[in-house]
Amino acid sequence: MTAELVRGQNHALPRTRLEIRVSAGKPVVAGVTLSDVDGRVRGVEWVAHPGSPQLPGLEVSKQAAADHRLAVDLGALPDEADRVNVLLALPVGAGGPVNFGAVAAPFVAVTGLDGAEVASYTVTDLDAESAVVALELYRRQDAWKVRAVGQGYAGGLADMLADQGLPQARELASQILDAVARGMARSVAAPPPRTAEADRVRRTAPATGPESGTDGTQTGLAGPQGGGQGGGGRHVGPGSGEPAQPVHAPDSARPGQDPDQQSAAAPTGGPVNYTHPNRRTSAPPTPPPAAPEPRPGEAAQPVAGDATGWSMEERLYNQVWGMFEDLARTTAAYRSAADFAESRMDQEIDRALSDPRSRIGGQGDAARDAARAKHSELVDQARQALDRDLAHLSAEADVVEPALPPAFAAWTNPVWHGYRVPMETPMALRLGDLHLPESPDLRIPMLVRLPLERGLWIDSGRSGASGATFLDGAELRRRAMDTAVAHAARLLAVYPPGDFTVHVIDPAGSASASLDPLVQSGVLTSPPAAGAAGVSQVLAALTQRVDLVQMAIRGGAADSLPPDLDTAEQLLIVHDFPHGFDDRAVTQLRYLADEGPAVGVHLLMVADREDASEYGPVLDPLWRSLLRLTPVADDHLADPWIGHAWTYEPSLPPAGSRVLTDVLAQVAQARRSWRR
């Protein structure tokens with residue numbers, strides 16, 4: 001039976017290989033410290049945290065998450081380690097809660113590798129604390145126990161680590177929070193949790209085609225983040241065949257609908273609202289009846305839209321999430337199994353060779369051969385399970401991709417040839433594809449929610465992208481600007497006429513060739529701004545717009561906005577930063593990056609960070625506030641569950657295709673008609 005602990009209570013641990021599961025409701029940082037018999041952490045090498053997630057016998061998550069799975073092998077800890085302390089802390093500067101009193105009480109459970117709970121503890125009675133020691137696992141007479149601690153620290157990680165006797169407590173706390181900030185900046189953000197109703201509904205295939213849209217519902221999405229399905233209803237990963245070794249990584253809740261958002265259309269004289277339009281405020285209906293079950297021995301055939309949701313668009317959206325999460329988890333299971341096989345082989349060889357007698361008469365060679373054969377067998381089994389899951393996901397991708405609407409579809413999808421300017425904003429936008437090295441041919445669409453929650457940065461530098469090694473600087477900058485134009489064209493194409501405006505800053509006028517599709521089609525409100533005067537004028541106008549809308553929202557006085565204020569979503573493309581920008585312009589850019597998205601002003605920066613190195617750390621918050629993308633393939637994005645390094649490739653029109661210019665021509669015509 002599970003022991004439900006209260007503060008100070010302890011419970012015996014029946015085994016040494018365990019998982020510690022954390023559920024906090026909001027993203028938290030999870031870490032572990034080792035301490036000796038005196039309760040002292042001897043050094044930074046005894047701390048596992050997102051910046052250094054592995055120690056002998058321990059593995060923690062690489063980034064902040066609402067749910068974590070920490071791996072513990074008590075038998076592999078250093079001999080001097082007498083305690084394992086499980087730490088939780090709130091990330092700093094992420095716009096979230098600043099203390100545990102503002103979030104639901106964290107829940108921590110110690111489980112076996114089979115998922116069976118041994119002991120659990122709900123960390124209650126926290127208020128101003130921003131860090132807490134939740135549990136400690138400690139040794140008593142060669143046996144291990146777990147104790148519920150719940151010791152909070154208002155001074156955060158630094159005070160908590162100092163209290164454990166770590167001399168470098170403040171420096172390490174700063175390193176941990178910086179690693180978390182970097183991880184959040186590169187992470188494809190997780191979707192909102194599902195509703196309770198949706199969690200009770202098993203994935204079923206729609207019996208009919210696309211529903212006649214009743215809404216334009218928009219669930220929260222910021223990149224291809226695992227499915228609205230996952231665990232209970234999806235079909236791949238560790239639960240789909242033979243049991244796999246535990247995945248030592250965060251275990252996130254499944255996405256669903258956010259019932260709290262209201263319509264973006266503000267009534268005349270009412271407050272300005274830039275949240276998603278036409279968001280439903282109740283749970284989604286039960287999906288259509290399930291498709292017929294496959295015959296015995298036959299695999300279930302994938303179906304496009306095989307997910308819950310209000311409309312076909314939403315079901316496809318959730319299905320893409322499901323594919324993303326399934327691929328992340330099944331790959332993590334394979335990697336974990338392979339690591340386990342490697343570790344087991346090393347241990348068996350070490351044991352065999354530790355006895356000098358085994359080195360005589362060929363016994364050592366036989367032991368090595370047996371250990372390697374077992375290793376190969378375990379890895380082959382894991383790869384077979386992975387290949388089965390990849391085959392299913394590939395078949396699903398083959399039916400999902402052709403069914404995607406334009407906002408979700410690649411430029412090569414035939415749906416763009418039948419493009420018509422929409423009357424409603426979609427819930428998400430595709431910015432490229434993601435894949436993992438174990439399955440390079442299986443691409444997952446990278447979807448980001450609309451409106452954009454943060455700006456974009458197209459990195460034109462050579463040092464950051466592995467795919468840029470053999471490109472010269474001029475070619476890389478050209479590709480970066482082409483990528484920015486393709487993204488801007490997509491944004492223009494998926495918004496209704498008059499709901500999206502694009503501005504361009506090109507100080508030296510060096511991006512004219514890449515900008516030609518936007519300029520020639522007439523979708524820009526004004527020509528690209530050049531020179532110091534042009535840069536200053538555009539930044540001043542957008543900064544003023546942010547100030548005015550913020551004041552109107554805070555004061556509830558939308559009717560006081562100037563009648564000529566463009567209330568459409570605004571996108572500012574900045575080329576070749578920081579050339580042509582003075583200190584004032586740099587400050588305005590930082591302001592727009594921080595404050596703009598909340599009131600409909602978004603940045604799309606095309607820049608090489610090295611070019612701005614003279615500003616030093618002043619610009620670090622700017623880069624972290626933007627989602628970094630690359631014009632060439634690069635493995636810099638992380639999923640929100642496991643933290644894999646995914647290879648990103650931008651979504652670009654095929655060479656020689658007129659699809660982008662044809663789409664922009666329709667957008668421009670619709671804008672002209674709307675203005676009349």
Side-chain angles (χ1 to χ4, degrees), residues 187-194 198 203-206 210-211 216-231 233-237 252-258 276 284 287 302-331 389-390 392-413 415-416 426-436 439 441-450 490 494 627 637-642 644 646-651:
S187 176
V188 177
R194 298 183 67 180
R203 290 182 77 229
T204 55
E211 294 178 355
T217 311
Q218 308 199 24
T219 51
L221 186 84
Q225 301 138 324
Q229 290 49 295
R234 287 200 56 96
H235 39 261
V236 303
S252 171
R254 305 299 189 268
Q257 320 316 318
D258 182 353
H276 296 280
V303 179
D306 186 10
T308 57
W310 289 98
S311 63
M312 176 57 84
E313 180 193 40
E314 190 171 353
R315 293 202 295 269
L316 287 168
Y317 167 91
N318 283 336
Q319 189 170 12
V320 169
W321 274 90
M323 294 165 60
F324 186 41
E325 182 175 4
D326 286 346
L327 182 54
R329 293 194 183 281
T330 193
T331 302
D389 291 343
L390 293 181
H392 198 118
L393 282 169
S394 296
E396 188 171 15
D398 289 342
V399 299
V400 168
E401 181 66 42
L404 295 176
F408 300 178
W411 284 111
T412 54
N413 193 312
V415 71
W416 282 105
M427 64 182 66
L429 183 79
R430 185 174 186 158
L431 291 181
D433 296 318
L434 298 172
H435 67 270
L436 291 171
S439 51
D441 295 330
L442 178 54
R443 307 300 176 93
I444 303 296
M446 177 179 172
L447 305 177
V448 298
R449 75 169 66 183
L450 292 178
R490 266 181 177 273
V494 302
L627 175 62
L637 288 176
D639 64 79
W641 307 281
I642 312 300
H644 293 313
W646 291 74
T647 296
Y648 164 81
E649 292 188 21
S651 180

Inset, instruction - Please examine the side chains of Asp389 and Leu327, heavy atoms only from C-beta on, and report whether any two atoms are closer than 4.5 Å. - result: no

Inset, instruction - For residues Leu637 and Leu627, determine if any side-chain heavy atom of one lies less than 4.5 Å from a side-chain heavy atom of the other. - result: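 Yes - at least one pair of side-chain heavy atoms lies under 4.5 Å apart.
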
Would you be so kind as to tabulate the donor-acceptor pairs closer than 3.5 Å made by side chains of residues 428-435, with sequence neighbours excluded?
| from | atom 1 | to | atom 2 | distance (Å) |
| --- | --- | --- | --- | --- |
| Arg430 | NE | Asp433 | OD1 | 3.2 |
| Arg430 | NH1 | Glu401 | OE1 | 3.1 |
| Arg430 | NH1 | Glu401 | OE2 | 3.1 |
| Arg430 | NH1 | Phe408 | O | 2.9 |
| Arg430 | NH2 | Glu401 | OE1 | 3.4 |
| Arg430 | NH2 | Asp433 | OD1 | 2.5 |
| His435 | ND1 | Arg443 | NE | 3.4 |

Which atoms form the tightest heavy-atom contact between [X] and [Y], and what is the distance?
X	Y	answer
Asn413	Leu404	ND2-O, 4.4 Å
Pro426	Val494	CD-O, 3.0 Å
Arg315	Ala307	CD-O, 2.6 Å
Val415	Ala409	CG1-CB, 3.6 Å
Leu316	Pro405	CD1-CD, 3.9 Å
Val400	Met323	CG2-SD, 4.1 Å

Inset, instruction - To the nearest 0.5 Å, tell me how far Thr331 OG1 sits from Leu390 CG. - result: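 Going from OG1 on Thr331 over to CG on Leu390, the span is 6.0 Å.
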
Inset, instruction - Mark yes or no for whether Glu325, through its side chain, and Pro640, through its backbone, hold a donor-acceptor pair below 3.5 Å. - result: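 Checked: no pair found.
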
